[in-house]
Amino acid sequence: MTVPEQVNTIVLHHSATSNVAGELALSLGAPVFTVHTKRFPDGTANVRLPTEVRGKNVILVADTRPDSAIIKLLLLQAALQRGGAARIDTVIPYYAYARQDRRACKEGQPVAAEVFAQLIGQTTNRVVVVEPHNQSFMGCFGESAVSASPIREIAEHLESFGVGFVLAPDEGALPRAKEVAEILGVPFDHLDKKRVSPTEVRIVPKELKVQGLRVAVLDDMISGGDTTAAAITELKRQGADRVVAACVHGLFLGDALDKLRVAGCNRVVATNTVAVVPYGKVSCVPAIVRALQEGQK
Ligand code: R5P
């Protein structure tokens with residue numbers, strides 16, 4: 001398919017990111033194309049651009065999990081470069097390797113967050129990552145890489161819940177909780193978490209002034225649910241009224257949602273980076289648009 005000459009920007013995506021890509025295309029007034037991947041008999045991926053890209057600004061909305069999505073992403077960037085795209089912006093709604101950062105790596109382990117960031121940053125003008133967990137590896141995507149924060153949109157959504165206190169389940173989550181609390185004009189605090197195993201966390205007891213309040217527990221992601229569930233248990237023990245579990249990336253793996261419910265969670269809110277409705281109620285797209293507008297390489 002050929003895109004009319006007057007169209008400067010197009011949005012491309014490969015399957016799992018279709019909700020974000022479609023909404024982004026709509027808000028930019030750009031056409032959106034899906035890339036389908038074929039597999040050769042030996043299992044290798046074979047991608048082909050669905051449209052002419054010569055001279056176009058292409059926004060590639062890319063998935064990074066499972067691992068095969070990263071192969072597709074790299075092949076697509078190469079195809080765009082070879083096809084003569086004027087500019088390639090790679091948008092990553094959820095960077096799956098973010099938690100394997102320098103701080104988390106033990107002896108004998110690679111800093112996987114940096115390994116894939118370097119590869120993804122090679123054939124693109126800029127990378128935009130929604131809530132990258134931390135900034136330590138962002139430079140590996142290239143000097144113009146930016147993060148997109150949907151915290152403002154999460155705060156607006158929490159307003160309707162009458163939140164009177166925001167809690168970060170661990171110290172790393174504190175800056176986000178503080179930002180939401182400041183937007184809402186309510187107090188905030190954080191807990192100290194010790195991860196005992198991949199599926200068990202322990203919260204260091206700490207007095208919180210939450211008696212009778214509606215509280216939002218805010219983290220960058222809810223994966224297995226143990227971190228947020230432990231925080232909710234502590235809040236309920238200290239007399240919190242209702243609790244909303246909020247995050248950017250709602251992975252909700254395994255029985256995560258059950259763990260939240262059993263702990264006493266009254267509502268779950270995530271953005272649509274990973275989760276879809278009913279939990280992915282908050283759109284990350286306005287944050288991506290803001291990041292894309294932040295100057296160009
Ligand atoms: C950890 O540093 C992250 O910010 C999250 O707190 C963590 O990944 C959540 O994982 P889970 O839901 O499995 O406890």
Side-chain angles (χ1 to χ4, degrees), residues 64-66 92-106 109 111-114 116-117 129-138 147-151 154-155 158 166-181 188-204 206 208 215-237 243-276 279-280 282 284 287:
T64 56
R65 68 170 191 147
I92 302 179
Y94 171 63
Y95 184 43
Y97 276 91
R99 285 183 290 177
Q100 292 192 46
D101 61 6
R102 214 158 258 278
R103 206 181 41 185
C105 276
K106 300 190 174 57
Q109 292 183 322
V111 186
E114 296 184 5
F116 292 111
V129 185
V130 179
E131 180 47 76
H133 182 61
N134 69 50
Q135 296 288 325
S136 66
F137 51 82
M138 283 299 287
S147 52
S149 170
I151 283 297
I154 291 177
L158 290 175
V166 183
L167 182 70
D170 56 33
E171 208 172 351
L174 185 60
R176 293 174 214 107
K178 180 171 183 273
E179 205 179 328
V180 167
F188 62 92
D189 206 340
H190 73 91
L191 290 171
D192 288 308
K193 168 180 96 175
K194 293 212 183 313
R195 190 170 277 282
V196 184
S197 74
T199 57
E200 201 190 335
V201 299
R202 207 163 289 152
I203 296 290
V204 181
K206 174 179 184 180
L208 302 163
V215 181
V217 178
L218 179 71
D219 208 349
D220 60 337
M221 68 183 81
I222 298 178
S223 182
D226 301 288
T227 303
T228 300
I232 295 172
T233 303
E234 184 62 14
L235 283 165
K236 289 284 175 172
R237 193 183 67 76
V243 181
V244 54
C247 64
V248 176
H249 308 298
L251 291 155
F252 308 129
L253 304 179
D255 55 355
L257 289 164
D258 276 340
K259 288 179 195 165
L260 301 182
R261 188 182 46 76
V262 169
C265 180
N266 300 98
R267 195 188 285 196
V268 178
V269 173
T271 75
N272 57 351
T273 55
V274 181
V276 288
Y279 303 110
V282 179
C284 66

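What you see below is based on every heavy atom in this structure, not just the backbone, and it leaves out hydrogens, waters and symmetry mates. Atoms within a ligand are numbered from 1 in the order they appear, just like the ligands themselves.
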Residues two or more places apart in sequence or in another chain: which of them pass side chain to side chain donor-acceptor pair (under 3.5 Å) with K193? D170, T227
Under the rule for ring-ring contact (aromatic ring centres under 6.0 Å, His included), what residues qualify as partners of Y94, not counting sequence neighbours? H249
Does anything in residues 264-274 form a salt bridge (Lys or Arg N to Asp or Glu O under 4.0 Å)? List the pairs, not counting sequence neighbours. none
Might you work through the side-chain contact (heavy atoms from CB on, under 4.5 Å) test for L191 and L208, ending with a clear yes or no? CA-CA 9 Å; L191 290 171; L208 302 163; 3.9 Å; yes
Ring centre gap for F137 and Y95 strictly below 6.0 Å: yes
Ligand 1: protein residues within heavy-atom distance under 4.0 Å: R99, H133, D170, K193, R195, D219, D220, M221, I222, S223, G224, G225, D226, T227
Tell me whether R176 is salt-bridged to E179, with the criterion being a basic N under 4.0 Å from an acidic carboxylate O. no
